[in-house]
Amino acid sequence: QVQLAESGGGLVQAGGSLRLSCVVSGRTLNRFTMGWFRQAPGKEREFVGIVSWNSEMAALADSVRGRFAISRDNVVNTVTLQMNSLKPEDTAVYYCAAGAQYSDSWSTYTYWGQGTQVTVSS
């Protein structure tokens, strides 16, 4: 069974940085496209970033491009979301997800972590 576990969330002031990690167990990471999504209270889940199984393709949402970076290390089964210049509107629960398709649609992902809270104070 595939399991995903996020870590690295917390409370940070606007302009600060956080580094989220997602460790995958139960199957080798290189079988999956990995995505990061977030959901703020009262809002729908939204795409943040995606990286293909071999890291040859990657993309970030317009709202975070230039501030966030996504990477993966298939040797240690870990995907990372580096978040810089954080804004209060980045406050949300952040989820990592694994799927077979390279897609920014959350519905195409099969496996999900429990999420980690990111709170950015103004």
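All residue numbers refer to positions in the sequence shown, counting from 1. Predicted, not measured: the structure shown is a model, and the values here were computed from it.
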[X] versus [Y], closest heavy-atom pair with distance:
| X | Y | answer |
| --- | --- | --- |
| A100 | T33 | O-OG1, 4.5 Å |
| R67 | S85 | NH1-O, 2.9 Å |
| T91 | P88 | OG1-O, 2.9 Å |
| L18 | L86 | N-CD1, 3.8 Å |
| L60 | F68 | CD1-O, 3.0 Å |
| W53 | R72 | CA-NH1, 3.2 Å |

| field | Y109 ring center within less than 6.0 Å of F37 ring center | value |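 Ring-ring flag for F37/Y109: true, centres closer than 6.0 Å.
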Under 3.5 Å, is there a donor-acceptor pair linking the side chains of [X] and [Y]?
| X | Y | value |
| --- | --- | --- |
| T119 | Q117 | yes |
| S105 | S103 | no |
| S17 | N84 | yes |

| query | Mind checking what makes side-chain contact (heavy atoms from CB on, under 4.5 Å) contact with R31, not counting sequence neighbours? | reply |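 Scan of R31 (side-chain contact (heavy atoms from CB on, under 4.5 Å), adjacent residues dropped) gives R27, T28.
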| said: Is it the case that the side chain of N77 and the backbone of V24 share a donor-acceptor pair, with hydrogens and angles ignored and the cut-off at 3.5 Å? | reply: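 Yes, N77 side chain to V24 backbone: donor-acceptor pair under 3.5 Å.
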| query | Around Q114, counting heavy atoms of other residues, nucleotides and ligands shown, do more than 12 lie under 6.0 Å from its CD? | reply |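 No.
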| Does NZ or CZ of R45 come closer than 6.0 Å to the centre of the six-membered ring of Y95, within 45° of the ring's axis? |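 Yes, R45 sits over the ring of Y95.
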